[in-house]
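Following: one structure in structure tokens, then a few remarks.
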Amino acid sequence: MASVGRGQAVFALVDCNNFYASCEKLFRPDLRNTPVVVLSNNDGCVVARSKEAKALGIKMGVPVHHIKTEINRYGIQVFSSNYTLYGDMSRRVMNTLEALAPRVDVYSIDEAFLDLTGIDRVVSFEDFGREVKNTVYQNVGLPVCVGIAPTRTLAKLANFAAKKYPATGGVVDLTDPARQRRLMARVPVEEVWGVGRKLSARLQAMGIVTALQLADTHLATLRKQFSVVLERTARELNGVPCVPWEDVPAPKKQIMCSRSFGRPLQKLSDLEEAVAHFATRATEKLRGGQQYAGELMVFIRTNPFKATAPQYSRSASVKLIQPSQDSRVLVQQAQNLLRPMYREGFDYAKAGVMLGELVEVAGVQEDLFQAAAEQAPDNGRSERLMAVMDTINRRSRATVYMAREAGPAAYAMRREHLSPAYTTCWNDLPEVR
DNA sequence: TCTGGGGTCCTAGGACCC
DNA sequence: TCTGGGGTCCTAGGACCC
């Protein structure tokens, strides 16, 4: 059993295997050994693959129309993204983890860091990892892998090994420095957390090919030739934690809502409808985080992949005189930005709304140059109206909406392979006969 | 026919100030 | 001939993550 110094930090990274594909399979036992892929919004490209699909060589991010032949030849099951389902399954996984570990940092929809500092006085890291894996599988039905190490970057690497080498049984304790070096020597540098395509190309050109070579590179060189980011990564590979643990998630700095349209739009009125919808959704998220937006940005663009068609792409932003979380205000501002940008004669493929300069409720500044009487008349009415809208819409999606959003959505997504809402809709509950 | 959506952090460079 | 230096703030763009 590996041991670490008293008080030395230890993290576990728990990561669901092929998360979206596993969620789909969970409710379709008939697909147990069938290759499954899940598509991005609008059924565009592959964003998740079951292990059978990976074995067939289906690549991450490939447009689905490029793999039509394989889909037919191998009987690959295709699903549209069902974020309602994945979000609900994610919540169940995270709840289970929170019951097992004292401190949990939910990092993304399918992974979380656990703080295991000091836990080896009671149970070995390896045994704890197996308990996590088994409990999640028992409670939720989803397979996970667990990597354990003194830094998050090494925990990521441990998780990579747990996934890649079946002999590990899906759990790797990487607290032992000698074991860290042995693993790093076998792992390509591009697998290191924080090293993407561009960086790995530059590193390889310098002869740095493995994770271990990166760990052993002079820190000052990394900082000088790259940046502090890569220097920190190298430090973390050497077991020195550089990312502080945060119990309270940092407040968001921007909120975005954007979507490609199911089919190209030409008319201003259709774009107005889409932009109103995006602004409404973004503002809901804003209120969910108890924040106000000080800035609003709107963009529209044609399809850059369609090289033969005339291209057009514009964005515009406005600083609000007073930060707001009122859908009426932000939808109106978004329309004001959209109309002057719009040009006739283009096939618009995508639009979006971004909220920035976010402030907490308590930090809202009164407008210095507005007469008190002009500021006062609302008197909290906006907050109350929005709260009522949110309450109603939480119970039943989109019961109350802005007038601009009305009508059958011309911008609606393509989702031709959508699975039922097994866990969030009574009518879609799976039946056991 | 058909290529996602939503984030974060860092750096370089320009404007501006004294 | 010789044309400062240091600081801040903002923005755009690039890199990364899932």
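The basis for the numbers below is simple: all heavy atoms, side chains too, and nothing from hydrogens, waters or symmetry mates. Protein chains get the first letters and strands the later ones, always in sequence-line order, with residue 1 at the start of each.
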Among residues at least two apart in sequence or on other chains, which ones pass side-chain hydrogen bond (donor to acceptor under 3.5 Å, both in side chains) with [X]?
X	value
A:Arg103	A:Asp115, A:Asp247
A:Asn303	none
A:Lys285	none
A:Asp15	A:Lys163

For this session: To the nearest 0.5 Å, tell me how far A:Met341 CE sits from A:Ser315 OG.
Result: 7.0 Å

Exercise. So A:Asp270 and A:Arg263, salt bridge (charged side-chain N to carboxylate O under 4.0 Å, His left out) or not? Walk me through it.
Worked result: CA-CA 11 Å; A:Asp270 285 340; A:Arg263 59 180 175 81; 5.1 Å; no

Exercise. Which sits closer to the 5' end of DNA chain B, A:Lys285 or A:Tyr20, going by the nucleotide each is nearest to?
Worked result: A:Tyr20

Starting from [atom2] on [N], measure out to [atom1] on [X] and report it in whole angstrom.
X	N	atom1	atom2	answer
A:Asn18	C:dC18	CG	P	14 Å
A:Arg415	B:dG5	CZ	P	12 Å
A:Asn159	C:dC18	CG	P	10 Å
A:Asn41	B:dG4	CG	P	9 Å
A:Met413	B:dG5	CE	C1'	10 Å
A:Asp15	C:dC18	CG	P	8 Å
A:Phe299	B:dG4	CZ	P	12 Å
A:Lys350	B:dG6	NZ	P	8 Å

Under 4.0 Å from any atom of DNA chain B, heavy atoms only: list the residues of [range] that qualify, in numerical order.
range	answer
residues 46-66 of chain A	A:Pro63, A:His65
residues 215-242 of chain A	A:Ser227, A:Val228, A:Val229, A:Arg232
residues 248-264 of chain A	A:Lys252, A:Lys253, A:Gln254, A:Ile255, A:Met256, A:Cys257, A:Ser258, A:Arg259, A:Ser260

For this session: Establish, with yes or no, whether the OP1 or OP2 oxygen of B:dC2 is under 4.0 angstrom from a side-chain nitrogen or oxygen of A:Asn42.
Result: no

Exercise. OP1 or OP2 of B:dC2 sitting under 4.0 Å from any side-chain N/O of A:Lys68?
Worked result: no

Exercise. Given the rule in the side chain to side chain donor-acceptor pair (under 3.5 Å) test, do A:Asn41 and A:Ser81 qualify, once you have shown the distances and angles that lead to the verdict?
Worked result: CA-CA 6 Å; A:Asn41 283 336; A:Ser81 286; 4.8 Å; no

Exercise. Contacts to DNA chain C from residues 82-98 of chain A, heavy-atom cutoff under 4.0 Å, which residues?
Worked result: none

Exercise. Looking at the rings of A:Tyr86 and A:Tyr83, which for Trp means the six-membered one, are their centres under 6.0 Å apart?
Worked result: yes

Looking just at side-chain N and O atoms, do [X] and [Y] make a donor-acceptor pair shorter than 3.5 Å?
X	Y	result
A:Ser419	A:Glu24	yes
A:Ser327	A:Arg287	yes
A:Asp326	A:Ser324	no
A:Lys25	A:Asn18	no
A:Asp88	A:Thr423	yes

Exercise. Between A:Tyr348 and A:Tyr342, is a ring pair (Phe, Tyr, Trp, His ring centres under 6.0 Å) present by the stated rule, with each step listed?
Worked result: CA-CA 10 Å; A:Tyr348 293 96; A:Tyr342 172 79; 5.8 Å; yes

For this session: Quick one, give me the B/S/- string for nucleotides 7-16 of chain C, reading 5' to 3', where B means a protein heavy atom under 4.0 Å from the base and S means that only happens at the primed atoms, P, OP1 or OP2.
Result: --------SS

For this session: Using the P atoms only, state how far C:dC18 lies from B:dC2, rounded to an integer number of Å.
Result: 30 Å

Seminar exercise, completed: Sorted by chain and residue number, the salt bridge (Lys or Arg N to Asp or Glu O under 4.0 Å) partners of A:Glu70 (sequence neighbours excluded) come out as none

Problem set entry | Duplex segments of DNA chain C, taken as runs of at least three Watson-Crick or G-U pairs that stay under 3.5 Å | B:5-18 with C:5-18

For this session: Give the ring-plane orientation class for A:Phe113 versus A:Trp193, where under 30° counts as parallel, over 60° as perpendicular and anything between as tilted.
Result: tilted

Exercise. Side chain to side chain contact (heavy atoms under 4.5 Å, CB included) between A:Val209 and A:Val189: does it pass, once the steps are laid out?
Worked result: CA-CA 5 Å; A:Val209 178; A:Val189 73; 5.7 Å; no

For this session: Scan A:Asp110 against the nucleic acid and name what it touches under 4.0 Å (heavy atoms): base, sugar-phosphate only, or nothing.
Result: sugar-phosphate

Exercise. With a 4.5 Å heavy-atom cut-off, do A:Phe346 and A:Arg301 have their side chains touching?
Worked result: no

Check: residues 197-208 of chain A side-chain donor-acceptor pairs under 3.5 Å, at least two apart:
residue	atom	partner	partner atom	Å
A:Ser200	OG	A:Gly196	O	3.1
A:Ser200	OG	A:Arg197	O	3.1
A:Arg202	NH2	A:Gln225	O	2.8
A:Gln204	NE2	A:Glu190	OE1	3.1

